[in-house]
Amino acid sequence: MTEESASLNFIEQIIADDLEAGLSKDKLRFRFPPEPNGYLHIGHAASICLNFGLGEKYNAPVNLRFDDTNPAKEEQEYVDAIKKDIQWLGFKWAEECYSSDYFQQLYDWAIQLIKEGKAYVDGQSADAMAEQKGTPTTSGVPGPFRDTTVQENLDLFERMKAGEFEQGSYVLRAKIDLSSPNMLMRDPILYRVVKKSHHRTGNDWCIYPMYDWTHGESDYIEQISHSLCTLEFKMHRELYDWFLDQIIDPTKLRPIQREFARRNLSYTVMSKRKLLELVQSKTVSGWDDPRMPTISGLRRRGYTPESIRNFSDLSGISKRDSVTDVSLLEYCIREDLNKTATRVMAVLDPVKLIITNYPEGKIEILSAENNPEDPNSGTHEVPFSRELFIEREDFKEEAGSKFFRLTLGNEVRLKSAYIIKGESVIKDDAGNITEIHCTADLDSRSGSGTEASTRKVKGTLHWVSIQHAIKAEVREYDRLFLDEAPDSHEDKNFMDFVNPDSLKVIKEAYLEPFLQLATLDDKFQFQRLGYFTLDRDSTSDQMVFNKTVGLRDSWAKQKPAPTPQNNQPAKQQNQGGAQPQGQRSAINEIQKIAKKYTNLSGDKLAAARADILKLAEDVNYEELEPLFGTAAKKVGTRIGVMIALGVLLNKGQERNSEIDSFIKIGLEDENEQLVEEAKKVDNKL
RNA sequence: UGGUCCAUGGUGUAACUGGCAACACGUCUGAUUUUGGUUCAGAAGAGUCCAGGUUCGAGCCCUGGUGGACCAACCA
């Protein structure tokens, strides 16, 4: 890893500034704080890589902290899975912490707040409290419990803790500001009653602290210098700071919270709730279904830790909502696997190929390169015989010159073996090809050193010897959703976009026998097909392979209608830019062209002018007039407007004083082009 | 409607205290190739949401718009 100091992301910039301002480098400390209520996904990977990456960069400790303050949702299973995923990604945490470790401290601080009159027990219903909180535009009103005495509050809180009250009956609230524009400051809840066993503290507690009360204080306890979280917590910062203010010892480090945008991936969903829904509805087989964007799903799919870390690096960190295209993720895994995956041959959709001039019963053991990218990777043996399987797609009786594969009368090479020529086919009654007969150039065996062995033929096919092949199941995956951003549609549920064909199971694929030795972590490239890995569903008599990702396929692009219609550009309306790209209005288009008008010359200039003339047909005066006021220095725009104005006048637009003065200013401008256009327009009348 | 944040090629990010917009993916050529993979060489594609302003000079600063995200859970 070459550490580039050239450009820092904004978080690194903040840290650099803090260091500059006097923060000692050995005070730096970070944390990754998941709630153990689900599995980690690729979005978390961004946060993990950010925090642990910072730790590596500054040689600072990074804690793993389970934010386990809600026993209703959290489970040990998730704790274990999260730890496994982080380790798998290759990161080591300094300390394994739990918010629940701080329950007593948090409780003591709460008592302190009550004593200082900054917190009170509220016995209103949730609805009543919401009501009383007001709305963003109207301020809240004090509830009946707000001015209870300290003594009474102490007593009530004690009884809450003792389990005297039912769930939902009483809460502890901070007394802050009921008219704050930030709703979170309108007396937020610190504690609620939850009568549920906690995965770590069991039944020790029946009151549990809320996120806001817990998070900042936990950061403080652990002396985290930079508490990084996603954008939706931005509003919480004010409260985070308020809580810290109440308990902080000024001689100790004060954590700061900073927010970055969460990472979204196209064609999938990323919230735990939605992933859970996919699992519970059995749309997928589980959290680690290879189609899931979870770390465990990606792992099972065949992704490597390196590829995911690299993906995080390439994606970057910023404060804007965005959707990263899956193609970047796919690039990352291909790049990694290309260098490391062992090359093998497998036929997924077999058709029988008989080499008629090859002796029956003869078997040759050929040698195949393990990885052409790695000269030290060696070779492995692959048996060859008279009867082979090749991919059905790799043969056509006749085809155009762009088809580099086997046809009748054409030669191709069988990878690592012989050059063959298609001779004839045998079909069944329905007309399906059942056998392809061919002849081999028996001098052309790969690596034999003969002249024929180095002959160039256009195509190379993968194959497998029928009598030696092992049968296996292969699972191919497509994107889980048909829409680029399935959860960005207000009117539709994300489940409506589930791709019904995201899983394709091939029950009988044929693999070269070398694959018998495959183990769970091995990565293979099935040559010409893609990268595959053994699935944990494999048994001793049935291997199961997952397709991680296909090879880049520039041939598929040439085919007429290769994929169904799932690559329709389903442009969504929410992201980024102001105007939807496809449907710029004519006037906007003109402005765009005109902007660089003065930089153009010759043909380009003429073309630009013609474009403007054409676009102007669709512009009405109301759209154009505001542009008369365009700044004098923006000559291009004014020229464009002038040209468009000419068109409008031609179409019968009445001249008025606005138009007159616009033309007059144009005539007097120092830019010749503008003067020219102004003259043309002026002379039209 | 109140508040906060954001806005740079198709996508994701850069551009240090203002100096004629860079990188990666994707796309398209061509070469090499016993994987239509890889590798190599090259190309197209934005004038930085809009409009004013400050400045010799603005993606960076100011003003006003527009668009989007987030906030009113006893979730985190």
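Letters go in sequence order (proteins before strands), and every chain restarts at 1.
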Item to complete: Map every base of RNA chain B to its dot-bracket character, where paired means a Watson-Crick or G-U wobble contact with both distances under 3.5 Å and | marks a partner outside the strand.
Response: .((((((..((((.....[..)))).(((((.......))))).....(((((..]....))))))))))).....

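- Among the nucleotides rA76(B), rC74(B), rA72(B), the one closest to any side-chain atom of Glu35(A) is rA76(B).
- With sequence neighbours excluded, no residue satisfies side-chain contact (heavy atoms from CB on, under 4.5 Å) with Thr454(A).
- Across the protein-nucleic acid pair, Gln167(A) atom CD and rC74(B) atom P stand 13 Å apart, rounded to whole Å.
- Of all nucleotides listed (rG12(B), rG2(B), rU34(B)), rG12(B) comes nearest to the side chain of Thr324(A).
- When heavy atoms are screened at a 4.0 angstrom cut-off, Lys272(A) is found touching no nucleic acid atom at all.
- Taking only side-chain atoms of Asp325(A), from C-beta outward, the nucleotide of rG12(B), rU11(B), rC71(B) with the closest atom is rU11(B).
- On a pure distance criterion of 3.5 Å, no polar donor-acceptor pair joins the side chain of Glu484(A) and the base of rG10(B).
- The listed nucleotides are rU1(B), rU38(B), rC75(B); the one nearest the side chain of Thr137(A) is rU1(B).
- Side-chain atoms of Arg413(A) come within donor-acceptor range of the base of rU34(B), with a qualifying N/O pair under 3.5 Å.
- Counting only heavy atoms from C-beta on, Arg405(A) has its side chain closest to rG36(B) among rA76(B), rG3(B), rG36(B).
- Comparing the P positions of rG59(B) and rC50(B) gives an interatomic distance of 11 Å, to the nearest angstrom.
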Nucleotide N/O of nucleotides 26-28 of chain B paired with protein N/O under 3.5 Å:
from, atom 1, to, atom 2, distance (Å)
rU27(B), OP1, Lys557(A), NZ, 2.7

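- Residues forming a side-chain contact (heavy atoms from CB on, under 4.5 Å) with Ala128(A) (at least two apart in sequence, or on another chain): Gln124(A), Ser125(A).
- With hydrogens and angles left out, the side chain of Gln525(A) and the base of rU35(B) share a donor-acceptor pair within 3.5 Å.
- Listed by chain and residue number, nothing satisfies the side-chain hydrogen bond (donor to acceptor under 3.5 Å, both in side chains) test with Tyr170(A) (two or more places apart in sequence, or in another chain).
- Set against rU11(B), rU13(B), rC6(B), the side chain of Lys319(A) has rC6(B) as its closest nucleotide.
- Considering only side-chain atoms of Arg263(A), the nucleotide from rU13(B), rU35(B), rG3(B) that sits closest is rU13(B).
- If you check rG3(B), rA76(B), rU34(B) against the side chain of Met210(A), the one that comes closest is rA76(B).
- Proximity of the aromatic rings of Tyr208(A) and Phe103(A) is defined here by a centroid distance below 6.0 angstrom, and this criterion is met.
- Comparing atom distances between the Val171(A) side chain and each of rA76(B), rC74(B), rG37(B) picks out rC74(B) as nearest.
- In the set rA14(B), rU34(B), rA24(B), rA24(B) carries the atom at the smallest distance from any side-chain atom of Leu314(A).
- Between Ile317(A) atom CD1 and rC5(B) atom P the separation is 20 Å, expressed in whole Å.
- Remark: Thr340(A) pairs with no residue by the side-chain hydrogen bond (donor to acceptor under 3.5 Å, both in side chains) rule, at least two apart or across chains.
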